[in-house]
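Below is one structure; the comments refer to it alone.
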Protein chains: 4
Amino acid sequence: MVYRRTKKVDQKLEARLQAIMQAAREEFARNGFYGTSIKDIARRAGVGIGTIYLYLRNKEALFAALVNEAYEMVLDRIARARKNATGGRQKLQASMEAALAVLQENRDLARVMLVQSPAGHPAVAEQLYDLLRRLARLVEEDVLEEIERGELPPQDAHVAALAFVGTFYQVVISWLKEGIPADLTAAGKELIAYNLRGLGYPVEGVIENA
Amino acid sequence: MVYRRTKKVDQKLEARLQAIMQAAREEFARNGFYGTSIKDIARRAGVGIGTIYLYLRNKEALFAALVNEAYEMVLDRIARARKNATGGRQKLQASMEAALAVLQENRDLARVMLVQSPAGHPAVAEQLYDLLRRLARLVEEDVLEEIERGELPPQDAHVAALAFVGTFYQVVISWLKEGIPADLTAAGKELIAYNLRGLGYPVEGVIENA
Amino acid sequence: MVYRRTKKVDQKLEARLQAIMQAAREEFARNGFYGTSIKDIARRAGVGIGTIYLYLRNKEALFAALVNEAYEMVLDRIARARKNATGGRQKLQASMEAALAVLQENRDLARVMLVQSPAGHPAVAEQLYDLLRRLARLVEEDVLEEIERGELPPQDAHVAALAFVGTFYQVVISWLKEGIPADLTAAGKELIAYNLRGLGYPVEGVIENA
Amino acid sequence: MVYRRTKKVDQKLEARLQAIMQAAREEFARNGFYGTSIKDIARRAGVGIGTIYLYLRNKEALFAALVNEAYEMVLDRIARARKNATGGRQKLQASMEAALAVLQENRDLARVMLVQSPAGHPAVAEQLYDLLRRLARLVEEDVLEEIERGELPPQDAHVAALAFVGTFYQVVISWLKEGIPADLTAAGKELIAYNLRGLGYPVEGVIENA
DNA sequence: TATGAATGAGATTTCATTCAT
DNA sequence: TATGAATGAAATCTCATTCAT
């Protein structure tokens, strides 16, 4: 009798892969790349050690897959948020809200990517920086556009974009490591205001020159 | 009755320790904690493997010593800069300039601490976060003071402080990893402006509300 | 869904463990704890280095397992021999015969425990002394009983018990190291006579007081 | 000016050697051959590490020298005791008393030789067995002589001699490791009685055959 | 003669990956 | 497809011994 790849079999395989990925997310999030062994992941996923190698080439590939998952998720969510926004300021604001929301919803993944990935193999670490770079580029484009339109004052858009991204990075790290601020999206309002002011948008609440 | 601890001997010992530390700085900066072996460091320092253990208890202690060196260096430089500053705004500005200057002068050390330390042993990784936390606390105090004085508008000083520190972190990381901005202190001016605006200081160059 | 823990697999695993233990017995017996490396044992057992760590926590645990094996074996054999004996003198005699027999049958193990264990980690070395202590206590109890019954003259039962155990220890060591006496159980008869006389049993062959 | 080996210099050198030997006795007695480093000994002796190598070829030679010291001391004391004894029984008795006395007076040395030497390098371990062998040979000669004279019944003199020596070994080990019996020479009386009875001497206190 | 910094062979142990079942 | 026992490369660290001072 021949082995047939039925839909049921496919679902089972997909479920197994998801179990492995989930176990890896949790272990890597807690113990980092070097602090997590394949055996740990296999045990938590409830599969054999060898099984993991049927689904993923090796340990690094597994880690990279997770980082990539986070990468795609963040970019995707931001892209969707920007679609519905019109105007530079709205796009920036929508991006910020989307980024915080998706991270808050996927804490383990966020931890893997933001906290643990710099420790992994250089190739993997690079992915985090690539994400940050892409986010910065998005911001930079918006800023340049706004400067051209006269909505923002002239400035070094590249540095501004890095600064912009950096504010989020730091607040998220603090949230991941210390639980402060407790509610990421609530803190987002302050953060958004900080960056809009930082970019040079005219915002209320600024002390006026006498 | 020979082999006295002469000044010449002491100098040689100190030079050896420095050679080891410098080799470690370079190797760790490039390859991270797990990507660097004691053998690598010994070879680069031009000493035997065992020699390293005469100067430092173990690999972790060596890494920690470097991270600590960066830690002290940054805090010390900032503390000295703040001494000569009067008023919250000046203190913040002096801190920012000092931080960027000391990092620019010690690129390898900066790389070890900011890029590689999150990968090291948890105890060591913590030190980076401790530094960032302390810097954030400094900023927070300044901000609270300025709010009280009416120099800054009411805001969540904690989030603002994290954002403030984050802008620097991100720009420095970009400088370390991509060489952009090429001149850290030059970029500092833009960065300082961004943060002063972000905090709510009245700065020129903001688009006025019509 | 393969790789079941079949009976055949279990047998193979058990055989492997035995191969490792046997190799360790031989190596430790000849070269002692510090003179034997894990690599030596692996090579003799025909397994990889790592395999040993699948079966035993570390080198010390492997050594301790062997010493414990000897410990249990000797005590067990003596206990069984004593069950069938009635009366102090018979119990002592049965114990002596049993001890010599079990050691003669397990020469390598005897060597590991009696000759090499004092060299191992203190915790392991202690086990030999613990065995000797327990044997001495057994003898001491028998002697005290016999004194009470008037079968033996009053004496320091503790010293007598140590002496009693010591005679065996020395003869066994000589057998292990020099092969003399060649037949341990044959020598046992003389040894038994020595100790029975030494304790004060009335035995033929003693020169009578004129 | 030429260096002259004066008496004073010689004394100083001899004192240094003694300081090293004494430190080694104490360290080896407590921590065994492998548990003691040359650095430990140097520190305790108050000399430099290299100095030890001026007086002794290497670590093994140092250990061997100590074992040999004990070896000579025990044999010498026994030889002197036997000189003043006439007759086999007196010679045996004098030997036993002398052996216990010299061990009690040199506890650290006894520990190095009897407890720690089996752990050392095989070559060194051999020396303990050599001593025991020589002591057994002395006893064996006496026993053979006494059998010939009709003072002792016919028996396997070799086994008897091993047993004889073994009683002392065990009691001394117990004294060294547990402090029981507290007074070695006091326990000697019981031990001597045990062995004289064991050999077949007619001694009082034996239960008479009815 | 005296010293202790320097050395590196060698030991133990871990763990990603393979492969017979 | 699924498993986990087996492997050995590679890393860290120790310490007896040497040798410049």
Side-chain angles (χ1 to χ4, degrees), chain A residues 3 5 9 12-13 16 34 36-43 46-62, chain B residues 1-6 8-10 12-13 16-17 34-42 46-60 62, chain C residues 1-6 8-10 12-13 16-17 34-42 46-60 62, chain D residues 3 5 9 12-13 16 34 36-43 46-62:
Chain A
Y3 178 87
R5 172 162 291 210
V9 169
K12 201 179 149 195
L13 293 185
R16 272 228 153 160
Y34 291 101
T36 299
S37 72
I38 289 288
K39 204 175 173 182
D40 293 336
I41 295 170
R43 197 180 301 132
V47 302
I49 292 170
T51 307
I52 290 181
Y53 287 86
L54 294 177
Y55 291 86
L56 294 138
R57 203 167 63 267
N58 55 28
K59 187 183 178 185
E60 195 187 325
L62 172 51
Chain B
M1 223 152 302
V2 209
Y3 197 92
R4 285 253 186 58
R5 193 60 164 262
T6 59
K8 207 172 141 196
V9 169
D10 268 353
K12 202 177 146 195
L13 293 186
R16 267 226 158 170
L17 173 59
Y34 292 103
T36 300
S37 72
I38 290 288
K39 209 174 172 180
D40 293 337
I41 296 171
V47 302
I49 292 172
T51 306
I52 291 182
Y53 289 88
L54 291 180
Y55 290 87
L56 294 137
R57 204 168 62 269
N58 55 28
K59 187 184 176 184
E60 196 188 323
L62 173 51
Chain C
M1 225 153 299
V2 211
Y3 198 92
R4 285 252 188 58
R5 194 60 164 262
T6 60
K8 206 171 140 198
V9 168
D10 268 354
K12 203 177 145 194
L13 293 186
R16 248 185 189 203
L17 174 58
Y34 292 103
T36 299
S37 72
I38 290 287
K39 209 175 172 180
D40 293 336
I41 295 171
V47 302
I49 292 173
T51 306
I52 291 183
Y53 288 88
L54 291 180
Y55 290 87
L56 294 136
R57 206 169 59 268
N58 55 28
K59 186 183 177 185
E60 195 187 325
L62 173 51
Chain D
Y3 178 88
R5 173 162 291 210
V9 168
K12 200 180 150 195
L13 293 186
R16 272 235 151 154
Y34 291 102
T36 299
S37 72
I38 289 288
K39 204 175 172 184
D40 293 336
I41 295 171
R43 197 180 302 133
V47 303
I49 291 172
T51 307
I52 290 182
Y53 287 85
L54 294 177
Y55 290 86
L56 294 137
R57 202 170 62 268
N58 56 27
K59 187 183 178 186
E60 196 187 323
L62 172 52

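Below, read A as the first sequence line, B as the second, and so on, with proteins coming before strands; counting in each chain starts at 1. Model, not experiment: these values are computed from the prediction.
In this structure, CD1 in C:Ile52 is found 11.0 Å from CG in C:Leu17, a value given to the nearest 0.5 Å. Taking CG of A:Leu62 as the start and CD1 of A:Ile41 as the end, the distance is 5.0 Å to the nearest 0.5 Å. A distance of 11.5 Å separates OG1 in A:Thr51 from CG in A:Leu56, rounded to the nearest 0.5 Å.
The side chain of D:Arg16 lies closest to E:dA2, out of E:dT7, E:dA2, F:dA5. Nearest nucleotide to the D:Tyr55 side chain, out of F:dT1, E:dA2, F:dA5: E:dA2.
A search for salt bridge (Lys or Arg N to Asp or Glu O under 4.0 Å) contacts involving B:Arg5 returns B:Asp10, not counting sequence neighbours.
When the nearest nucleotides of DNA chain F are assigned to A:Gly46 and C:Lys12 by heavy-atom distance, the more 5′-ward of the two goes with A:Gly46. Toward the 5′ end of DNA chain E lies the nearest nucleotide of B:Ile52, the other residue of the pair B:Ile52 and C:Thr6 mapping further downstream.
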Dot-bracket for DNA chain F, please, read 5' to 3', with Watson-Crick or G-U wobble pairs under 3.5 Å on both distances, ( ) within the strand, [ ] crossing, | other strand, . unpaired. .||||||||||||||||||||

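Across every non-hydrogen atom of D:Tyr53 and D:Ile38, the tightest pair is OH-CG1, 3.8 Å.
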Set out, in order, the CA-CA distance, both residues' side-chain angles and the distance that settles side-chain contact (heavy atoms from CB on, under 4.5 Å) for D:Arg16 and D:Leu13, then state yes or no. CA-CA 5 Å; D:Arg16 272 235 151 154; D:Leu13 293 186; 5.6 Å; no

When every nucleotide of nucleotides 8-18 of chain E is labelled 5' to 3' by its protein contacts under 4.0 Å (heavy atoms), B for base, S for sugar-phosphate only, - for none, what sequence of letters results? B---SBB-SBB

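Within 4.0 Å (heavy atoms only), D:Arg43 reaches no atom of the nucleic acid at all.
In this structure, CG of B:Asp10 is placed 10 Å from P of E:dA5, rounded to the nearest angstrom. In this structure, CG of A:Leu54 is placed 11 Å from C1' of E:dC19, rounded to the nearest angstrom. Atom-to-atom, CG of D:Leu62 to P of F:dC15 comes out at 16 Å; the value is rounded to the nearest Å. Atom pair C:Leu17:CG and F:dA5:P shows a separation of 13 Å (rounding to whole Å applied).
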